[in-house]
Amino acid sequence: MIVTTAGRTNPSMIRLAEGIANDLKAAYISRKKQSVQTLSEVHGDVLVVGKNRLEWHKKGGEEPFFFHPNSAMFRLKRLQKGEHDPLIAAADLKPGDTFLDCTLGLGSDSITASYAVGEKGNVTAAEANPLVAYLVEKGLETWETGVDEFDACMRRIQVESRNHVDLLKELDANSYDVVYFDPMFEEAITESDGIGQLRALSEYSPITEDTVKEAKRVAAKRVVLKDHWKSPSFHQLGFQVFKRKSAKFHYGVIEIKDL
């Protein structure tokens with residue numbers, strides 16, 4: 001993979017691209033009016049540093065991957081109005097709670113959880129693909145929504161670039177109030193914004209009994225699983241399902257206090 005700048009560049013953007021290339025231990029290549037396709041044919045994957053975002057162009061891919069908090073912003077606006085969010089309800093998140101998101105993806109759930117737990121809470125999110133983790137972390141650090149409260153939610157999230165299974169094994173018992181899983185759906189949900197791009201890049205790890213056992217050890221209040229409404233995982237892994245009428249996915253909950 002190489003790092004380059006957007007077509008219209010300037011010295012500060014070049015310095016930023018060079019710094020990102022150094023972070024990723026990748027080569028920086030000057031754009032020189034070359035198309036991304038031309039660069040990709042020679043160098044493989046191309047990371048384009050633009051004014052407002054970083055775009056990962058996979059060689060042979062149709063669309064680039066980039067961080068955008070669009071779906072999270074809709075959810076935060078609803079919460080701001082006092083409306084219901086199914087994840088927050090399933091996790092029973094309260095201000096000051098700690099939340100471990102084992103499947104970061106584009107970060108929508110982590111951002112929403114960060115809003116719910118507030119300044120005194122804590123949200124940590126694990127992402128197994130190191131480049132996805134890097135791009136989403138940079139997006140969380142720099143994206144400006146125009147609403148200070150929403151920006152603060154993103155800035156507070158701590159991203160762990162690692163497999164959630166390894167992370168869970170290293171954590172102390174009861175170190176997070178809620179442990180959350182949103183595995184990539186084996187059956188696609190076409191309406192899900194950004195899922196198509198993310199699916200091609202994610203390092204999918206099925207949620208196993210051993211993983212859930214570790215999650216129950218780490219969680220002080222609840223373990224929550226989001227999955228397709230037809231998924232057998234809820235029953236197989238011991239989750240009580242919160243069914244939602246007409247929804248294509250449900251939430252499953254394991255109450256730690258009941259164990």
Side-chain angles (χ1 to χ4, degrees), residues 1-74 101 103-111 125-146 150-151 154-155 157-163 182-186 188-205:
M1 185 186 75
I2 65 159
V3 179
T4 191
T5 58
R8 294 183 178 181
T9 189
N10 55 52
S12 63
M13 193 181 296
I14 292 171
R15 288 193 295 272
L16 176 60
E18 290 174 336
I20 290 171
N22 184 64
D23 288 345
L24 298 174
K25 296 180 173 55
Y28 166 76
I29 301 294
S30 177
R31 185 69 180 262
K32 295 181 179 178
K33 298 184 179 180
Q34 299 175 89
S35 69
V36 172
Q37 182 178 352
T38 298
L39 289 169
S40 183
E41 288 172 356
V42 176
H43 302 286
D45 290 5
V46 179
L47 183 65
V48 177
V49 178
K51 182 179 180 181
N52 298 313
R53 71 188 192 195
L54 309 178
E55 292 186 353
W56 177 12
H57 295 256
K58 288 279 290 181
K59 184 175 183 178
E62 295 182 1
E63 298 291 337
F65 173 82
F66 56 91
F67 170 77
H68 55 92
N70 296 359
S71 61
M73 294 306 103
F74 294 133
D101 184 349
T103 42
L104 171 63
L106 282 167
S108 177
D109 289 326
S110 285
I111 295 169
E127 170 55 53
N129 185 307
L131 189 48
V132 171
Y134 183 87
L135 297 182
V136 175
E137 183 174 28
K138 288 296 182 184
L140 292 169
E141 291 174 353
T142 60
W143 192 285
E144 295 183 358
T145 66
F150 294 173
D151 292 347
M154 294 192 288
R155 309 294 186 261
I157 298 168
Q158 178 181 343
V159 176
E160 292 282 346
S161 177
R162 57 192 311 194
N163 185 288
D182 176 12
M184 298 301 296
F185 298 136
E186 294 180 5
I189 296 178
T190 56
E191 294 89 342
S192 297
D193 184 30
I195 287 293
Q197 296 166 332
L198 188 60
R199 183 187 300 280
L201 305 174
S202 292
E203 298 180 13
Y204 176 75
S205 297

Residues which pass side chain to side chain contact (heavy atoms under 4.5 Å, CB included) with [X], listed by chain and number, not counting sequence neighbours:
| X | answer |
| --- | --- |
| Glu55 | Val48, Arg53, His57, Pro64, Phe66 |
| Lys25 | none |
| Asp23 | Tyr134, Lys138 |
| Asn22 | none |

Can you sort out the partners of [X] under salt bridge (Lys or Arg N to Asp or Glu O under 4.0 Å), two or more places apart, ordered by chain and number?
| X | value |
| --- | --- |
| Asp151 | none |
| Glu160 | none |
| Arg15 | none |

By side chain to side chain donor-acceptor pair (under 3.5 Å), which residues pair with [X], not counting sequence neighbours?
| X | result |
| --- | --- |
| Thr142 | none |
| Arg162 | Glu170 |
| Arg31 | none |
| Ser30 | none |

To the nearest 0.5 Å, how far apart are [atom1] in [X] and [atom2] in [Y]?
| X | Y | atom1 | atom2 | answer |
| --- | --- | --- | --- | --- |
| Lys33 | Thr38 | NZ | OG1 | 14.5 Å |
| Ile14 | Thr9 | CD1 | OG1 | 4.5 Å |
| Ile20 | Leu47 | CD1 | CG | 6.5 Å |
| Met73 | Ser108 | CE | OG | 8.0 Å |
| Phe65 | Asn129 | CZ | CG | 8.0 Å |
| Leu140 | Leu135 | CG | CG | 11.0 Å |

Tell me, which pairs form a salt bridge (Lys or Arg N to Asp or Glu O under 4.0 Å) where one or both residues lie in residues 34-52, sequence neighbours left out?
Asp45-Lys58

So which atom in Ala125 and which in Ser110 form the shortest heavy-atom distance, rounded to 0.1 Å?
CB-OG, 3.4 Å

Please determine whether the number of non-hydrogen atoms from other residues, nucleotides or ligands lying under 6.0 Å from atom CD of Glu141 exceeds 12.
yes

For a 4.5 angstrom cut-off between non-hydrogen side-chain atoms, does Val136 reach Glu127?
no

Side-chain contact, heavy-atom cut-off 4.5 Å: Tyr28 with Thr5?
yes

Dump the intermediate steps for side chain to side chain contact (heavy atoms under 4.5 Å, CB included) on His68 and Trp143, then the final yes or no.
CA-CA 8 Å; His68 55 92; Trp143 192 285; 4.0 Å; yes

Determine whether a donor-acceptor pair (N or O, by modelled atom type, separation under 3.5 Å) exists between the side chain of Thr4 and the backbone of Ile29.
yes

